[in-house]
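For reference, the structure discussed in these notes is given below.
Note that the numbering runs from 1 along the sequence shown for the chain.
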Amino acid sequence: MVERIGFVGLGRMGRPMAANLLKKGFALTVHDIDPRPVRTLVEAGATAAADVARVGRDCRIVITMLPTAAEVEQVALGPGGVLAHAAPGTLLMDMSTIDPLATDRIAAACAARGMTMVDAPVGRLAEHADRGESLFMVGASDADLARVRPLLDAMGTTVLHCGGVGTGGRTKLVNNYVAITLTQVNAEAIALSQRLGLDLTRTLAVLLGTSANNGQLRMNFPSKVLAGDVSPGFTIDLAHKDLGLVLGAAHATRVPMPVAAAVHESYSLARASEYGGQDFSSIVDALCDHAKIERPRVPAGWKPA
């Protein structure tokens, strides 16, 4: 019998991921506090659930894609949540980026009820989710990974098994620390180049042709902020949240991370200046605006060599 899949959290990442499951023929029950993405997915063949409890009762695999640990714990552990209503043998797969200690608490509660948990946070950006090209960092037992692998393959192109439950989210924090910090470094370098009166495209050609090259500079900046598009694939608000999780994990394990602390404060300044809802590449606009430097933009149609 085909297992019915529940999906809770249909935001910028969750909605296209759920849509890709539908396209691949999975039976899907969806829920979100915003009725608009629910309606869109119902039109594509999903079943709407009025509440999380209904998702828990009807589905043997439940996926959550939510902003913070508070929402994930409420959906999983609250009195109207998944665990209170799901049958033994149900698998909860959380794809959010949250505090790893929250993942540990939820996994323990699942085990106590005869359920299992997978943590599978998402790499890459929203446009990759749109195209079904996401990367997943998965913390799971071998058996649970085999059970959810068809779902992950339907939503993305790359599945990396990081270890047991909890390792996916911890790996995601390491990854996001590097990605967000590189975005800050790129922004500072571009701002400096503009203050020095350098040609932006020639400077980019040098940076992309040396060991200074990085994925954010090659893939994200040219297609987003430098092209004048600051619509969010991954917001400054979320980057700030993730850096807070990185610092929390670092403090808990006594790992000094002074660069992470400095970048976190730069994103705090950007949020205070109302850039929070923009793509995180627009940290360069925030920096240039504060320094009274003209916002850097490449010519229309320019692409990295």
Side-chain angles (χ1 to χ4, degrees), residues 12 122-131 133-135 157-158 172-244 246-247 257-305:
R12 182 62 186 92
V122 185
R124 302 178 182 154
L125 301 170
E127 54 262 37
H128 296 102
D130 292 338
R131 299 191 297 265
E133 297 174 356
S134 293
L135 175 151
T157 57
T158 308
K172 176 67 180 290
L173 293 188
V174 173
N175 177 82
N176 278 23
Y177 165 66
V178 175
I180 296 165
T181 300
L182 284 174
T183 303
Q184 176 72 27
V185 170
N186 291 338
E188 292 179 14
I190 291 170
L192 178 61
S193 79
Q194 299 308 278
R195 180 74 92 198
L196 294 175
L198 301 178
D199 179 86
L200 179 58
T201 59
R202 293 177 184 178
T203 302
L204 289 170
V206 171
L207 295 174
L208 294 170
T210 72
S211 60
N213 186 16
N214 62 79
Q216 289 298 323
L217 189 64
R218 176 168 292 280
M219 295 185 293
N220 197 31
F221 274 68
S223 64
K224 296 299 290 183
V225 66
L226 297 182
D229 179 6
V230 298
S231 61
F234 179 65
T235 64
I236 282 176
D237 281 337
L238 287 174
H240 180 268
K241 182 265 291 185
D242 286 1
L243 282 173
V246 168
L247 287 168
M257 297 187 73
V259 173
V263 175
H264 191 238
E265 285 311 301
S266 177
Y267 277 78
S268 293
L269 179 61
R271 295 178 74 236
S273 303
E274 301 185 352
Y275 297 86
Q278 297 182 15
D279 188 79
F280 76 135
S281 65
S282 68
I283 193 71
V284 68
D285 281 358
L287 181 60
C288 287
D289 289 351
H290 285 302
K292 303 297 189 291
I293 299 168
E294 184 177 354
R295 291 182 174 185
R297 296 292 186 266
V298 295
W302 182 86
K303 300 291 183 184

Might you point out which heavy atoms bring [X] and [Y] nearest each other, and give the distance in Å?
X: Val206; Y: Thr210; result: O-CG2, 3.1 Å
X: Ala270; Y: Ile283; result: CB-CD1, 3.7 Å
X: Tyr177; Y: Ala260; result: CE1-CB, 3.4 Å
X: Pro296; Y: Asp285; result: CD-OD1, 4.2 Å
X: Lys224; Y: Ser231; result: NZ-O, 2.6 Å
X: Gly277; Y: Asp237; result: N-OD2, 4.0 Å

With a 4.5 Å heavy-atom cut-off, do [X] and [Y] have their side chains touching?
X: Ile236; Y: Ser282; result: yes
X: Ser273; Y: His290; result: yes
X: Val284; Y: Asn186; result: no
X: Ser134; Y: Thr158; result: no
X: Trp302; Y: Leu204; result: yes
X: Lys303; Y: Pro222; result: no
X: Ile180; Y: Val246; result: no

Just by distance, do the side chain of [X] and the backbone of [Y] share a donor-acceptor pair under 3.5 Å?
X: Thr183; Y: Ala179; value: yes
X: Asp279; Y: Gly233; value: yes
X: Lys172; Y: Gly123; value: no
X: Ser223; Y: Asn220; value: yes
X: Asn214; Y: Leu217; value: yes
X: Arg218; Y: Leu208; value: yes
X: Arg195; Y: Ile293; value: no

Just verifying a value: how many Å separate [X] [atom1] and [Y] [atom2], rounded to the nearest 0.5 Å?
X: Glu133; Y: Glu127; atom1: CD; atom2: CD; answer: 9.5 Å
X: Arg271; Y: Glu265; atom1: CZ; atom2: CD; answer: 11.0 Å
X: Asp229; Y: Arg297; atom1: CG; atom2: CZ; answer: 9.5 Å
X: Gln194; Y: Asp199; atom1: CD; atom2: CG; answer: 8.0 Å
X: Thr181; Y: His264; atom1: OG1; atom2: NE2; answer: 11.0 Å
X: Ser193; Y: Glu188; atom1: OG; atom2: CD; answer: 12.5 Å

Under 3.5 Å, is there a donor-acceptor pair linking the side chains of Thr235 and Arg12?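 On atom types as modelled, these side chains do not qualify, holding no pair under 3.5 Å.
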Only one of Tyr275, Phe234, Tyr267 forms a ring-ring contact (aromatic ring centres under 6.0 Å, His included) with Phe280, so which one is it?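 The passing option is Phe234.
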Under the ring-ring contact (aromatic ring centres under 6.0 Å, His included) test, which residues partner His128, sequence neighbours left out?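 Not a single residue meets the ring-ring contact (aromatic ring centres under 6.0 Å, His included) criterion with His128.
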